[in-house]
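Just below is one structure, and these are the notes that go with it.
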Amino acid sequence: MKYGYFDDNNKEYVITTPETPLPWINYLGSNEFFGLFSNTCGGYDFYKDAKLLRLTRYRYNNSPYDSNGRYYYINDGSDIWNVGWQPTQTPLDSYECHHGMGYSKIISSKNGIESTLLAFVPVHDNCEINQITLKNATDSNKEINFFSYIEFCLWNAEDDSTNFQRNFSTGEVEIEGSTIYHKTEYRERRNHFSFYHLNTEIDGFDTDRATFQGFYHGPANPDAVKAGHCSNSVAHGWSPIGSHHKKISLAPGESISLIFILGYCENPVEKKFIAPNVINKEPAHVIINKYGTDADVAAAYNELKEYWNGLLSVYTLTSDNEKLNRSVNIWNQYQCMVTFNMSRSASYFESGMGRGMGFRDSSQDLLGFVHLIPSRARERILDIANTQFPDGSAYHQYQPLTKTGNLGVGSGFNDDPLWLIAGTCAYIRETGDYSILEEMCEFDTGRAGVPAAPLFEHLRRSFKYNMDHKGPHKLPLIGRADWNDCLNLNCFSETPGESFQTTGPSEGPVAESVFIAGMYVKYGKEFRDLCQHIADIKSQSASELGNLPEVSELNRIIGVLDSEIEAMTEAVETAGWDGKWFVRAYDAYSNPIGSHTCEEGQIFIEPQGMCIMGGIGIENGKAETALASVKERLDSKYGIMLNQPAYTRYHVELGEISSYPPGYKENAGIFCHNNPWIACAEAAVGHGDRAYEIYTKTNPVFLEEIGEIHRTEPYAYCQMVAGADAPTFGEGKNSWLTGTAAWTFATVSQNILGIKPTYDGLSVDPCIPSTLGEYSVTRKYRGKTYNIHVSNPNHVEHGVKSISINGNTLPEGTLLLNPSADVMDVEVILG
Ligand code: BGC
C-alpha cells in the first residue's frame, strides 16, 4: 500500500495522508542549523549539536506518537484545526505533505480555508522559516483566529528532560513587538538565545505553556485557541513557549501570507546586554529584516533549490528504469548529505542526546558524500583524525560542538582506525588533493600531550594499530567490537543494564575478527596504492609533498604493507575459512563464530562482503562459494540477513548480539548497511544481475508499494529491516541515519553503474543487470564534465568491449586518463 507518490520533476515525495504508518520526516538545513520536520509538522530544531544546543522540545517515545513540533492552529468559529493535522488531529478536507530537498510543504484545507505551509532553513542563516499562506476559497467573508505554537527546550536536551528541580525555575523570555525571545540561562554563562518571530503585528502572545494550554490540557486542546485569544503571558520558570495570536479577516478569494522565523543567535560576551538583563537583539534583527517579505522568502527558497540542483548535478543517471534514476539522482544522494551532517545523532530513532559523531560512522558517511562537497569532507576527515590516539586507536565517538572524543564510550573498537584510511582514500580518489595528507592533526585533540603529526602519519598509525594487535590465528584482535557493535567478545556481562560496549576489558588477548581481517586487506591495499602514488609524485618532483616521508621510507612502508596484506590474506584463507564461507570471528576461548560447527549463528554476512571486497578468494573460487552460501543461507525476500540461524538464547560470550529477539537488529535482522557489501562483492566477481537484485531488495524506493509492511519512509534507507525470524518480517526501523546511504550510493554509482574515481582519474567498469540495455551518466569530476553513455547491445552483465572519448577510441582498459577537454563525451560499449 502506498501513502503518497514520488514527484521526480520537483524532487519531492508527496504524502497524501497524515496517518502514515510512522511519522515520515524530512531534514531542513544543510550547514549548522537543522530542523527535523515530520509530515504532520512534528520535530525540533537545533544549532550544530542536537544535545547541547536544542532550540525546541521534542518528546521521544511519547503517546500519541510524534509529539511536539511547530504547530499552527486555526479557530474558524466552528472548528479548531491545525494546518499540519497534529496535534488536534481534526480531520482535514484536503491534505498533502511535500518533502523536498531541504524543505517541506504542507498543503491543506478545511471549511473553505486553504493553507500552504512552506518550511525550510535558508542556505546561509541559522533559522527555520515557516511561511504560511491562507486563502479564503469560499464566497463569504471568513473571520478566523490564528495561533502559532512552539515549546522551547532549555538548550541541553538531556538536562531538559531530567533536571526538573532546576529547570522549572530557570526559564526566561523577552517580548518585543511580534518577536518572542527565549533567553534561559542567558543571564549567566550562555551567550546565545533564540527567537520566534512573526512578520506582522499580532493581537496577542503567550510564552507560558500552562497559560496557553491550561495546566491539565495539552497541545491538542489548548485553552487559548478555544477562547480565541492569548493572555500575553510572560514565562517565569516552568515551560517557556512561543505562541502568536493573529485575528484574520479574509474576503472571498482573498489570501494572506505570514512569515514565522525561529532563529538562533550569538552575541560576543561584552555585547550581551543593552540594559540590565535586556538582551542585545541586534543579530536577531538582522535575520528578521532579511526575511520580512514574501519576495525575500521566495529568493531564499530559490537559492536553496539551486543549491540542491547544483549538488545533485555532480552525478546524474538517465536510464529507462524510473526507480533506479530516482534513487540514484535524488533520494540516495540527499540522504548521504543528511547522514554526513547528522552522523547518528538526531532522527526519530536517535534522540540527539546520545551518540554524537561516530569515528567509523562518519568515516563511512564520507564515501557517499565526498563527491557532493569535497571541501566539507576534507574538514571532516581532519576533525576525525584530530581525535585519534597516538597508538592509532580511536575514540568511538566525538561531540560535534567540541570536536573532542567522548570519554564515556572511549575506544577499543578495533575496526575504527581502518575506516579513517577508507574515508581519506575516497577523498583523494575524488579530488586528487594529496595536500590533505600534509595537514597537521593532533592526537586526542591535543590532550594526549604528544606533538601533532601530518594526516599521513595518522593513517600509518591506523594500520599499525591492527598490525600490532593480532591474536592466536594471526587475525586482528576484535577489542570491544568491530563494525558489529553488538558482537562483544570480551564483555561477559551478567548484570542487567550494563553497557555491552564498555563493560569488560577492551583488549582481550584472544578474540579475533575475520571482518577486520577483510578490512585490513582491503584498506591496506588502498593505503598501499596511496603510498605508491605519493612516492611517484615525489620521485617526479622532489619539492612536492615535502611534509610526507621520503621515497625510500615510502618504499619501506609499501614493503611492510605488501607482506602484511599477504600474511593476512593467508590467515583468512586458512583460519578464516570454514569450507563454504568465511568465519566471522574467534571468541575469547578461540572458538569460531559463524562456522558450521556452531549451534547458532553459523554464517554471518559481514566477512563475506568485506573479505571479497578486499579481493580475498576471488582467484581461487572461495569468493564465489561464499557468495553462493550467502544466497542459500542468508537471503530473504526483503534482503540479506546478518546471520543465521538467529540466536535464540543469550550467549554471555557473544554479548549484545544475542540479547535481541531473533530477527531484530544485529541478531539476524536485515542490516541494510552491509547488504551493499555483498552487492559489491557480487560485482567484483562479475555478477551484475545478482548485485542489482540485492540493491533493489533493501532500496526504499522499490518498497514504496509495501508501505504498510515496511512502514518507514519510502525515500530514506533504514538501518534495519526485521528478518525472517521476526514476527514483523519486513518491517523497517531506524530510518535515515545509517551508513547504508553512503554504502549504497558508492555501490550503485561505482560498482554497479561502474563510474569509479581512482587515484589516476575516472574509470568506467560497469557490472549491471543484463536487462539494462543502455544508460547515461553525467559525472562532474575534478573540474571536468563527463557525459558517459553506456550501451549493452548483447545484454551482458559485465565487460567493457570498447571505450572512446570525444570520438577517439582508447587503446585499452577502462581508465579515462588525461582528459583533454572540459566536457567529454564518452561512449562505452559492453560485450
Ligand atoms: C552503528 C554502527 C555499527 C552498526 C552495527 C549502528 O547502529 O552506528 O557504528 O557499525 O550499528 O552494529
Side-chain angles (χ1 to χ4, degrees), residues 50 335 338-368 384 387 394-398 400 405-406 408-420 422-423 478-489 491 499-502 513 515-516 518-519 584-585 593-594 601 604-607 609-610 639-643 647 654-660 664-677 698 712 716-721 723 732-744:
Q335 191 177 352
V338 172
T339 53
F340 175 84
N341 284 331
M342 301 286 135
S343 194
R344 305 296 171 266
S345 67
S347 73
Y348 268 29
F349 297 83
E350 301 278 9
S351 68
M353 301 181 208
R355 298 216 268 164
M357 316 291 284
F359 193 97
R360 81 155 80 89
D361 295 331
S362 293
S363 299
Q364 287 172 87
D365 292 343
L366 291 164
L367 307 177
I384 296 171
T387 66
Y395 276 106
H396 199 43
Q397 291 154 11
Y398 71 96
N406 290 355
V409 189
S411 71
F413 296 77
N414 284 353
D415 62 317
D416 272 332
L418 289 169
W419 291 116
L420 181 62
I478 197 166
R480 292 202 182 282
D482 59 23
W483 171 88
N484 188 334
D485 272 339
C486 301
L487 198 56
N488 317 112
L489 305 183
C491 173
S499 160
F500 287 104
Q501 267 86 51
T502 55
S513 164
F515 171 78
I516 302 181
M519 283 187 77
R584 175 63 178 87
I593 298 166
F604 279 68
I605 190 172
E606 305 101 312
M610 193 51 78
I640 303 168
M641 292 174 283
L642 193 143
N643 58 299
Y647 295 106
L654 302 182
E656 186 169 0
I657 187 168
S658 59
S659 75
Y660 289 110
Y664 292 107
K665 293 277 290 171
E666 281 85 342
N667 186 14
I670 297 155
F671 234 79
C672 300
H673 187 141
N674 45 34
N675 273 248
W677 297 346
T698 53
T712 49
Y717 280 95
C718 50
Q719 180 209 48
M720 194 270 305
V721 172
K733 282 196 193 118
N734 199 355
S735 52
W736 284 100
L737 303 186
T738 160
T740 314
W743 271 103
T744 34

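Counting starts at 1 for both ligands and their atoms, in listed order.
Considering only non-hydrogen protein atoms, atom 6 (C) of ligand 1 sits nearest to Gln719 NE2, 3.4 Å. Annotation: atom 12 (O) of ligand 1 to nearest protein heavy atom, Glu666 OE2, 2.5 Å. For atom 2 (C) of ligand 1, the closest heavy atom belonging to the protein is Asp361 OD1, 3.3 Å. Looking at atom 10 (O) of ligand 1, its nearest protein heavy atom turns out to be Trp483 O, 2.5 Å.
Formation of a donor-acceptor pair under 3.5 Å by the Asn667 side chain with backbone atoms of Tyr647 is found in this model.
Judged as a side chain to side chain donor-acceptor pair (under 3.5 Å), and not counting sequence neighbours, the contacts of Glu350 are Arg355.
Contacts between Asp485 and ligand 1 below 4.0 angstrom, taking non-hydrogen atoms only, involve backbone and side chain alike.
Checked by distance only, ligand 1 and Arg355 come closer than 3.5 Å through their nitrogen or oxygen atoms.
Between Trp483 and Phe671, the ring planes lie perpendicular to each other; the angle is over 60°, past the 30° to 60° tilted range.
Taking CG from Asn406 and OH from Tyr395, the interatomic distance works out to 8.5 Å, rounded to the nearest 0.5 Å. In this structure, the separation between CZ on Phe349 and OG on Ser735 is 4.5 Å, given to the nearest 0.5 Å.
Every atom of ligand 1 with a heavy atom of Arg360 under 4.0 Å away is listed here by number and element: 2 (C), 3 (C), 9 (O), 10 (O).
Ionic pairing of Arg344 and Asp365 is present here: one or more N-O contacts between side-chain nitrogen and carboxylate oxygen are shorter than 4.0 angstrom.
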